[in-house]
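This is the structure, below, for whatever I ask next.
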Amino acid sequence: MVHVKILPDKAHASEEVAQMLHDLIVEKPNAVIGVATGSTPEGAYERLAEKITENRTDVSQLQFFALDEYIGLPWEHPESYHSVIHRCVTVPLGVEPAQVHVPEAPDDSTVGPVDDYDQKIAAAGGIDLQLLGIGRNGHIGFNETGTPFNAPTHVGELTEITREDNSRFFEGGVDEVPPLAVTQGIGTILKARKIVLMAFGEGKVDAIRDSLEKPPAEERPGSSLQLHDDCTFYLDEAAAAKVGHS
Ligand code: GLP
């Protein structure tokens, strides 16, 4: 069962999500938080950073686990997810790099499971709250169409649509976007105690409708979230435009 909250715009949704994250951190100072990259959660991270500063919130015991990372992109590259998470989460929230984990796989990896990330998450106590965005084609993390719902953290291939969408971050265009990535699997994501997915803009409208209103199936990675018992979608009106009309 997925709960749906439709907000007037991204700013309102980011504020609500940031408040919920801040409430969690106050209530559980050693919370384990799953963080997503992409443009969608940036506003929530900014608002959360402001709340932490305003309230002098203790962040010293938090742990963060990123969803995914490209393969073959040096960590120093500004668009590696190591760099993005450092820039958007670690630095603004004022946490130590050792509190923030990003999945890793060797540059010569091929498609298949990656050993120790899921164990690391379990050793930290499991994820209390997992933030997600969603791709235009319905991918979550880098779990593309066809990923089994019980997949652990693994290396997978990116679809052309995902590489094209993400090419906007790369000066060299789509050729610079790696074809492989390591990602928390759908099985990993579904183990989080609470999941929050944000989606904004009309580009996400079909992915959101398919995730919420079509039966859960591997061809629709976002639809796996229907199997979770505490998942909420925070949408703006554009992304929610096709919800409730079928
Ligand atoms: C990437 C990330 C996803 C993210 C998606 C959407 O592919 N791996 O975690 O949800 O992009 O990105 P955006 O939020 O920029 O639309």
Side-chain angles (χ1 to χ4, degrees), residues 7 9-11 13-14 17-18 33-46 64-73 77-85 87-89 100-105 114 117 127 129-147 151 153-170 173-174 176-186 188-190 192 195-208 210-212 220-225 231-236 238-240:
L7 286 306
D9 54 30
K10 178 176 176 175
S14 300
V17 171
I33 300 171
V35 281
T37 52
S39 48
T40 302
E42 285 172 355
Y45 297 145
E46 284 166 17
F64 295 87
F65 284 87
L67 266 178
D68 46 14
E69 176 60 291
Y70 293 108
I71 300 215
L73 202 61
H77 190 289
E79 295 308 326
S80 80
Y81 287 172
H82 278 78
S83 295
V84 173
I85 291 290
R87 200 163 60 230
C88 297
V89 175
V100 184
H101 314 275
V102 181
E104 288 161 19
V114 171
Y117 201 61
I127 291 179
L129 190 148
Q130 176 67 55
L131 293 174
L132 294 176
I134 191 165
R136 201 156 50 100
N137 63 350
H139 73 261
I140 52 173
F142 271 133
N143 292 279
E144 297 279 19
T145 294
T147 306
T153 296
H154 64 280
V155 173
E157 286 178 26
L158 305 191
T159 58
E160 280 313 300
I161 197 175
T162 297
R163 293 182 68 221
E164 272 161 31
D165 284 349
N166 290 3
S167 69
R168 69 191 193 278
F169 296 114
F170 290 83
V174 72
E176 211 192 326
V177 184
L180 292 177
V182 53
T183 181
Q184 284 190 34
I186 293 178
T188 316
I189 291 169
L190 291 177
I195 299 176
V196 165
L197 182 145
M198 288 177 276
F200 309 124
E202 62 184 353
K204 303 293 171 69
V205 75
D206 290 329
I208 291 300
D210 290 357
S211 299
L212 288 173
R220 297 182 282 278
S223 69
S224 63
L225 300 169
C231 176
T232 305
F233 281 27
Y234 286 78
L235 309 173
D236 66 1

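All ligand and atom numbering here is 1-based and tracks the order in the structure. The chain is numbered in sequence order, starting from 1. Keep in mind that this is a model prediction, so the values were computed, not measured.
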Can you name the nearest heavy-atom pair linking C231 to L225, along with the distance?
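For C231 versus L225, the nearest heavy atoms are SG-CB, 3.9 Å.
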
Going by atom types alone, do H77 and S83 pair a side-chain donor with an acceptor below 3.5 Å?
no

Over 12 foreign heavy atoms within 6.0 Å of CD, E104:
yes

Side-chain H-bond candidate by donor/acceptor type, D210 with S223, under 3.5 Å:
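No donor-acceptor contact under 3.5 Å links the two side chains.
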
Between E176 and S167, do the side chains contain a donor N or O and an acceptor N or O under 3.5 Å apart?
no

Please tell me whether T159 and E144 have a donor and an acceptor in their side chains that are separated by less than 3.5 angstrom.
yes

When you check ligand 1 against the protein, what N or O pairs turn up below 3.5 Å? List the atom names and distances, or just say none.
unit_1: ligand 1; atom_1: 7 (O); unit_2: H139; atom_2: NE2; d: 2.8
unit_1: ligand 1; atom_1: 7 (O); unit_2: N166; atom_2: ND2; d: 3.2
unit_1: ligand 1; atom_1: 8 (N); unit_2: D68; atom_2: OD2; d: 2.7
unit_1: ligand 1; atom_1: 8 (N); unit_2: G141; atom_2: O; d: 3.1
unit_1: ligand 1; atom_1: 10 (O); unit_2: I134; atom_2: N; d: 3.2
unit_1: ligand 1; atom_1: 14 (O); unit_2: S39; atom_2: N; d: 3.3
unit_1: ligand 1; atom_1: 14 (O); unit_2: T40; atom_2: N; d: 3.0
unit_1: ligand 1; atom_1: 14 (O); unit_2: T40; atom_2: OG1; d: 2.5
unit_1: ligand 1; atom_1: 15 (O); unit_2: S39; atom_2: N; d: 2.8
unit_1: ligand 1; atom_1: 15 (O); unit_2: S39; atom_2: OG; d: 2.7
unit_1: ligand 1; atom_1: 15 (O); unit_2: R168; atom_2: NH2; d: 2.7
unit_1: ligand 1; atom_1: 16 (O); unit_2: K204; atom_2: NZ; d: 2.7

